[in-house]
Amino acid sequence: MLKTHTCGELRASDTGKTVTLAGWVNRRRDHGGLIFLDLRDRFGITQITVNAEDRPDALAVASQLRSEYVVQITGTVQKRPPGFENLELATGEIEVIAVNLEILSEARTPPFVISGTQSDDVDESVRLKYRYLDLRRPKLARNLRLRHEIVRFIRSFLYDRAFLEIETPILLKSTPEGARDFIVPSRMHPGHFYALPQSPQQMKQLLMIAGIERYFQIARCFRDEDLRADRQPEFTQLDLEMSFVEAADVMALIEEMLIKLSATLSDKRIQQTPFPVMSYADALAKYGIDRPDIRFGLELFDVTELVRGSGFGVFENAAAAGGVIKGLCYPNGASLSRKDIDGLIEYVKPYGAKGLAWIGITAGPDASGRYPAESLRSPIAKFLSLQEIDGIVRASGAGEGDLILLVADDADVTNPALANLRLEIGQRADLIDPHLLAFCWVIDFPLLEYDGQEDRWVAIHHPFTSARDEDWSILEERPGDVKAKAYDVVLNGWEIGGGSIRIHRSGQQMRMFQQLGLSESEVDEQFGHMLEAFQYGAPPHGGIALGIERLVALYADAQSIREVMAFPKTATGADLLLDAPSPVEDRQLAELRIAVREQPTRAA
Ligand code: ASP
């Protein structure tokens, strides 16, 4: 080894030892005849002292050093003089007096500062282009370490419970998880393509038919989607499948794992155990979304029935058109300026909401417990009856000083609009405790949803998810009413995982495919292998997949999953370090018998 100790290791008890350290120059302070170096490696920082009187040759080398040079030093451990200790460093009691110093590698001036306090003001594209430098900085280095610890914990938890870790192919066939596939041309079979797995869904089910009973994999998945803060074209899942289980068994296993994982690797407190379980319908009703952040209340309320036939056109029209009128209460919001209230509309607009109706309560109720016009501040109150206002105030739970906000639109506009507004108000009103881990389960999802554009039913989860036993009888007649044996696990408003009990009978699987509008030949071509496998003795089975990046990001308090990946891509799917994707040589295309129809444009 080029070093006897790490830069995080030496203590006062090592005083007098001769040691060799190697690492990067974090900082250099030059006091003429005396140079101090902060030497950094993955494990910490150690102060090196180079003294002209003792070692003129070492001092000559030290005076050439700049930040990020890689050096090896041999010297003697010495206690720092009293008053010069640095309590912030684990090695802060000692320094190493350099006897010999050697430059192993020089470094250009980095495009951003590596040492010292982190500032995130460096442009992300620069950080991505020089990712290997960004990873030297404490924040990302810490995130990678945490990710490692989380994966290691998960592995050992599952090994202890008889799970086998099995790798499945990356070059595969289309696996429907609802996204676009990445495809890979085959040279040996011109005109034929592999698809990269959106998940190992079919392989893990085939492993259950193979008798594995308990499988898991830290699996790479590929989805060609438009990216958002918590999406990447390739990401990692804990993918898991079990035989002879019901939904409650899978949920119990994952819950135990997440509780132990949190206790081991997070300083935060789990809000509630056992994790609350909520139906999909309840989640939408109360939070407007199927991945509610339950660290705070601020539940939505529904006044559709109350204001149906109201004199207020906006409400009346929405209700008559089958929409819903829902709202929430902004605590102490009644005194917001008109401009601030108007500003809240930005949080509902992206979802298609045309406006926000509002009622501020500026004074207490009268003797009858109602709020007369003079105690309200509201552009809509004059269109509503006293009774309607009273009903809305009661439903909202608002009191003096609060602001009621309402959206009237189709449910698929009203719900997400208010869900987003709720998060914003939660932040503004400081209702979110950052030290909480609020897990919950969402169950009883619909199995299918109607896709108006494609004019057919599509699987909400994926086509291998089973209907509830009692719902199979209505699959064809009332597909929209069928509930799935599916479950999602949510943490602080992020869906961190989802899974289901699967169909394991070929007849039911065939009915499902037919319900999704697949022709017999399509089924045969795409899923014939599954149907056939089910005919050779398939155990009842089910599983789940957890997004590793999302989990790590939540534990690390990272705003984006890019912060917990070693080499992430940009929002347009580009790798700025390697400059990928990139054109390939004509020779390669010719081998694949592929012609590019349009001139390649460069990835942004
Ligand atoms: N394959 C599913 C997914 O990736 C998870 C599962 O059903 O186990 O979302």
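One-based numbering, in listed order, for ligands and for the atoms of each. The first residue of the sequence shown is numbered 1, and numbering continues consecutively from there.
- For Gln198, no heavy-atom contact with ligand 1 is shorter than 4.0 Å.
- The six-membered or imidazole ring of Phe464 lies near that of Phe527, with a centre-to-centre distance under 6.0 Å.
- Those atoms of ligand 1 that come under 4.0 Å of a heavy atom in His461, given as number and element, are 7 (O).
- Taking every heavy atom of Ser199 and a limit of under 4.0 angstrom, the matching atoms of ligand 1 come to 1 (N), 4 (O).
- Using a 4.0 Å cut-off between charged nitrogen and carboxylate oxygen, Lys129 and Glu124 do not count as a salt-bridge pair.
- In this model, no donor atom of one side chain and acceptor atom of the other lie less than 3.5 Å apart for Tyr351 and Thr414.
- Ring centers of Phe216 and Tyr159: under 6.0 Å apart, within the cut-off.
- Every atom of ligand 1 is numbered from 1 in the order shown, and the set under 4.0 Å from a heavy atom of Gly499 is 6 (C), 7 (O).
- Checking only distances, Lys204 does come within under 3.5 Å of ligand 1, N or O to N or O.
- Set against the non-hydrogen atoms of Gln201, the atoms of ligand 1 under 4.0 Å away are 1 (N), 2 (C), 5 (C), 6 (C), 7 (O), 8 (O).
- Distances shorter than 4.0 angstrom do not occur between any heavy atom of Gln202 and any atom of ligand 1.
- Contacts between Glu241 and ligand 1, counted as non-hydrogen atom pairs separated by less than 4.0 Å, are absent for every part of the residue.
- A side-chain N or O of Gln217 and one of Thr168 form a donor-acceptor pair less than 3.5 Å apart.
- For the pair Arg422 and Phe296, the cation-pi criterion (under 6.0 Å, within 45° of the ring axis) is fulfilled.
- Compare Glu495, Arg223, Arg502 by their heavy atoms: the one nearest to atom 4 (O) of ligand 1 is in Arg223.
- Taking the six-membered ring for Trp and the full ring otherwise, Tyr215 and Phe163 have centroids separated by 6.0 Å or more.
- The distance criterion of under 3.5 Å between nitrogen or oxygen atoms is not met by Ser500 with respect to ligand 1.
- A 6.0 Å sphere centred on CD of Glu525 holds no more than 12 heavy atoms belonging to other residues, nucleotides or ligands.
- Of all atoms in ligand 1, listed by their number and element, those nearer than 4.0 Å to a heavy atom of Ile544 are 8 (O).
- The ligand atoms of ligand 1 that sit less than 4.0 angstrom from a heavy atom of Gln237 are 3 (C), 4 (O).
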